[in-house]
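Numbers here are sequence positions counted from 1.
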Amino acid sequence: MRIFRIETFTDEFVCFVRVTTESGANGWGQVAPYHADITAQVVHRQIAPWALGQYALDIDYLVDIIPEKEHKFPGSYIQRAVGGLDTALWDLRGKLEGKPVCNLIGGTPGTLRAYGSSMRRDITPYDEAERLKRLRDEQGFDAFKFRVGAECGRGKDEWEGRTEEIVPTIRAAMPDEVALLVDANSSFGPERAIEVGHLLQDNGISHYEEPCPYWEYEQTKQVTDALDIDVTGGEQDCELPNWRRMISDRVVDIIQPDICYLGGLTRTLRVAKMAQDAGLPCTPHCANWSMVTLFTMHLLRAIPNAGKYLEFSIEGKDYYPWQQGLFVSDPYEIRDGKATVTDVPGWGAEPHPDWLANAVYQLSEGAGRHNRIQFQEFQIDLPKPTSL
């Protein structure tokens, strides 16, 4: 069963990928969000020519051979594009076997404890505490992550004194049984990161994400070695040799791969296994309501070293308007602080036809390097999918 067609449906933020075999079987995946329209070009120019005509279920081979064929272009965009192919092929396999993806990788459907993940720094500590309390009462979250420092802030805070104010403010607003996590987004140098880490420890914070520039492993390791709190990271890392180094050197206490940034489920399973062998838990990054959170839910229901919780963004349409209307049926209902992986075959979600109809459509099809690539933007008329 060979790959015959690769289609992308794209706006600036989201790119869904549909892969169809010669037999007509198909599956849906997604490249990483943000500048997704650029990644769609990579899918058709650098991924599709090597994937078309290949055996659709040899996913391990494809995610290895394609970056090798495109060895002059290592890094994020290639892996984001490979991830679109990989995740579509896992959906295809699940549908062929009548199983959810989590079953295919050794897990089962069911619930996952979620932590409510704030993406905002433009909010006062008081207002952040109030909205987290409201979400605890409304949706049952018993864990939250909030932001400290400034994104790639070179040691500066979002505004002066915000970190020192927000940490005790959030802690005082929550009972002790509510777990609290923070994300510094590469904000600090080692000295300042360690200082902030002691503040976090004193206030019962349990998770300290990306304290130093993520690419400076030696800096992060200084922080990890100096603190008792769990130091975490890895969301940006997309090359397996870097992951081997990060894990073997114990740069962090908890790894946080992003399935879409890393290049799909297959490569993320490899990283999770590296961490398992080293005795490290895996709490992936999945900070929006595109398919990345769904991919992560299936992963966490299967790997033996799954972390304590699923990251679940609390930012809705006002903050991320682009994530609205993506699916036929919403896969992200939170009940009592938990998300649910269903027993629907594949990923268990289908892109909404109205969203697809307004997307930029591109097509590659054929049998290999001499495939036909068609780039065009038009309205498409899709059949209504069966209900989930």
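- Between C102 and L104, the closest side-chain pair of non-hydrogen atoms is not below 4.5 Å.
- A cation-pi contact, defined as under 6.0 Å to the ring centre and within 45° of the axis, is absent between R93 and W90.
- Formation of a donor-acceptor pair under 3.5 Å by the E239 side chain with backbone atoms of G75 is found in this model.
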Step by step, would you call R270 with D64 a salt bridge (Lys or Arg N to Asp or Glu O under 4.0 Å)?
CA-CA 12 Å; R270 295 176 189 176; D64 284 342; 2.7 Å; yes
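- No side-chain donor from either of T224 and R250 sits under 3.5 Å from a side-chain acceptor of the other.
- Between L265 and W347, the closest side-chain pair of non-hydrogen atoms falls below 4.5 Å.
- Screening residues 234-284 for ring pair (Phe, Tyr, Trp, His ring centres under 6.0 Å) gives Y261-H285 as the qualifying pairs, with residues at least two apart or on separate chains.
- Under the 4.0 Å criterion applied to side-chain N and carboxylate O atoms, R5 and E7 are not assigned as salt-bridge partners.
- Proximity of L262 to D237: side-chain heavy atoms (C-beta onward) are nowhere separated by under 4.5 Å.
- A perpendicular orientation is assigned to the rings of F16 and W355, their planes being inclined by more than 60° (bins at 30° and 60°).
- There is no side-chain donor-acceptor pair under 3.5 Å between S248 and R244.
- Between L96 and A25, the closest heavy-atom pair is CD2-CB, 3.9 Å.
- Side-chain contact annotation: T232 with D230, donor-acceptor N/O pair under 3.5 Å absent.
- Using modelled atom types, one finds a donor on one side chain and an acceptor on the other under 3.5 Å when comparing D157 with T163.
- Checking each of R147, R120, K145, R131 against E315 for a salt bridge (charged side-chain N to carboxylate O under 4.0 Å, His left out) leaves exactly one that passes, namely R131.
- A 4.5 Å side-chain heavy-atom check between C15 and V17 finds at least one atom pair inside the cut-off.
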Using the rule given for side chain to side chain donor-acceptor pair (under 3.5 Å), can you reason through Q236 versus W215, listing the C-alpha separation, both sets of side-chain angles and the distance that settles it, and then say yes or no?
CA-CA 9 Å; Q236 317 292 352; W215 56 93; over 6 Å; no
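- At a cut-off of 3.5 Å, with distance as the only test, a side-chain donor of T266 or D86 sits close to an acceptor on the other residue.
- With 3.5 Å as the limit, one finds no donor-acceptor pair spanning the side chains of T283 and Q256.
- Residues L227 and Y208 are in side-chain contact: their nearest non-hydrogen atoms beyond the backbone lie under 4.5 Å apart.
- Between L299 and T268 there is a side-chain heavy-atom pair separated by less than 4.5 Å.
- Using a 30° and 60° split on the angle between ring planes, W322 and F13 fall in the parallel class, below 30°.
- Classified by interplanar angle (parallel below 30°, tilted 30° to 60°, perpendicular above 60°), the ring pair Y309/Y115 is perpendicular.
- Looking only at side-chain heavy atoms (C-beta outward), K99 and P345 stay at 4.5 Å or farther from each other.
- Looking at F188 and E195, their side chains never come closer than 4.5 Å, going by heavy atoms from C-beta outward.
- The distance between the ring centers of W28 and F9 falls below 6.0 angstrom.
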